[in-house]
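Single-structure report; data block below.
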Amino acid sequence: MSTYGIDLGTTYSCIARLDQNGNPEVIRNNEDNSNTLASVVFFENENNVIVGQVAKDNIETDGDRVVQFVKRWIGKSDARTYTFDDKTYTPTEISALILTRLKDIVESQGDTIDNVVITVPAYFGLEERSATKQAGELAGLNVLNLINEPTAAALSYCARQFQEDRTILVYDLGGGTFDVSIIKMSMTPSDNGGDVQKITVLATGGERELGGKDWDDKLSDFILHACCDENGLSPEDLDAETRQDIRSKVEEAKRKLSQKEKAKVRIDVNGSRTEIVVTRNDFEKMTADLVGTTMNHVERTLQKVDGVEIDTVLLVGGSTYMPMIKNAVEARFPGKVQQHDPDQAVAKGAAIYASMLGLAVDNVSDEDSNVENISEDKRAELATKFAVEDQTPRSFGPGVVDTKGSKSKYILENFIKVGEKMPAIATRTYYPIEDNQERVRLRAFENRSMEDAIIPCVNEEGEPQATDPAHDVKLLGELIVNLPPNTPKTTKIQVTFKVDASGVHVEAINTATGDKFETFLRTASDIDIDKSAVHQLRISSD
Ligand code: ADP
Ligand code: MG
């Protein structure tokens, strides 16, 4: 039985395990001659589905049969689907194809793969998390757990150079997303007596659609105009093949510029060969605004943890190979920047975590591979050194009515907050709005706010809404609580929310009768919004 960590990325994915000495190693994708696998799927025909670089190479020529950036849609209630040859795929199913390909890569090298940990962005809500887990299961993997990407990166960094009590800023610039996370590592007493390093995400920020792709676009534009200048043409004169040729060569040119001062790109312009030379200096000038945008997000995220001193900045994500990134971050955090295998660090951290968890689930038996036996000690050492705490990815609570004051207000009471240790559980008591109320519709919301309450949380139509869109309020579902005839409005209804990695459990108890109602909410259901206020619960008894 072998345990792996998987970074299921927006543009590239990566799989890693611990080697015999307990050090994380990435399983190479020999077919693409790379440490990573392009998260791109090409549906060539009903019998041939290709994942990886070959699929990516087909974006220009067969774009309508290629799926990329699927991670942007996974677990979204309004997620799109993809239909090829009369078969429809959800983003979860497409993700499962990418995971299956990673599994094949491992198996083609003679190992088996059973238990895995998959990484997710720290900002993923419950639906995105459960869809990711489901993708793993569809690929035939036993998903031990998920881990936040910045936490995995921090784990991989700390496993190589252990230092107590650190605050780490993770700057993760990938192919299509930019994530900033501030993470605290602190020594806390563990269950078995010793101390463990607890890893907690303090704040997250960034931009969902900013990444290496934007650098590619700028470079592509530059080359296109240079081709025109060379040949005395205007952009409209360029044929489709020339444009394709440019697009297919920019990413490679960009990668070259991370190592060299100059890159030569040969393009067939309307049939004749043209050579364009791009210097790193040109490239840095044309993309300086993008670097500036990332640094603004860094400042904004720092503001969320007002006054916290950053000890280390970790550069993660393939795009941080560009020297301009390291230079900009180094200028802001002199002497604090660390970069180790930025495109693999997340998968490696997941492998470490998977091994720590694997210790608890697999009682290594005779048929197990040698690799796992040998790393046993190391795994035990890691498990006693680190504790990755599952934290609530969002705040949760019911929508209730505050009848105090002249006008009643609909309030979202956040009684479980972002970042609490899971399982998180909280109970509060509410009351029916009026005497003889027949039922209560108890609505459960998910949001990003740290406030105790958000007012108002629904608009005139009864749709979820926050005072600030950043709260990202989402209605998860509702629990219908039927009340017996003649229930007075002073009746106490005890409401409990319990959040764990699999979803939200909502329970309501009519304390007068002992009647109990409960539901488990994992994904947002379609709910008929009931605008009548009578079916609500209110906060105070008077
Ligand atoms: P993901 O976005 O899926 O998390 P990665 O962290 O692997 O993926 O980042 C992929 C991005 O990194 C792509 O835009 C790719 O072009 C870019 N990249 C990878 N290697 C280099 C390099 N040497 N120089 C510049 N960019 C690179
Ligand atoms: Mg990534």
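Both ligands and their constituent atoms are indexed starting at 1 by order of listing. Numbers here simply count residues along the sequence, with the first being 1. In what follows, every heavy atom counts, from backbone to side chain, and hydrogens, waters and symmetry copies are set aside.
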- Item | Heavy-atom gap Ser319 to ligand 1 smaller than 4.0 Å | yes
- Which atoms from ligand 1 have a heavy atom of Gly174 less than 4.0 Å away? 2 (O), 6 (O), 9 (O), 10 (C), 11 (C)
- Side chain or backbone of Arg255 under 4.0 Å from ligand 1, or both, or neither, by non-hydrogen atoms? both
- Note on the structure: Heavy atoms of Lys256 and Ala263 approach each other most closely as CB-CB, 4.2 Å
- Query: Any nitrogen or oxygen of Thr11, main chain or side chain, under 3.5 Å from a nitrogen or oxygen of ligand 1?
  - Reply: yes
- Option whose closest heavy atom lies nearest to atom 11 (C) of ligand 1, chosen from Gly175, Ala38, Ser34: Gly175
- Per-atom contacts of ligand 1 with Ser258, taking only distances under 4.0 Å to non-hydrogen atoms: 22 (C), 23 (N), 24 (N), 25 (C)
- Message: Would Gly318 count as being in polar contact with ligand 1, using the rule that some N or O on each side must be under 3.5 angstrom apart?
- Response: yes
- Please name all residues satisfying ring-ring contact (aromatic ring centres under 6.0 Å, His included) with Phe69, sequence neighbours left out, ordered by chain then number. none
- Return yes when Thr36 approaches ligand 1 closer than 4.0 angstrom through a heavy atom, no otherwise. no
- Quick one: does Thr10 get an N or O within less than 3.5 Å of an N or O on ligand 1? yes
- Task: Identify, by atom number and element, the atoms of ligand 1 in contact range of Gly212, meaning under 4.0 Å from any of its heavy atoms.
- Result: 14 (O)
- Note on the structure: Note: ligand 1 atoms sitting under 4.0 Å from heavy atoms of Gly9 are 3 (O)
- Query: Do the ring centers of Phe283 and Phe222 come within less than 6.0 Å of each other?
  - Reply: no
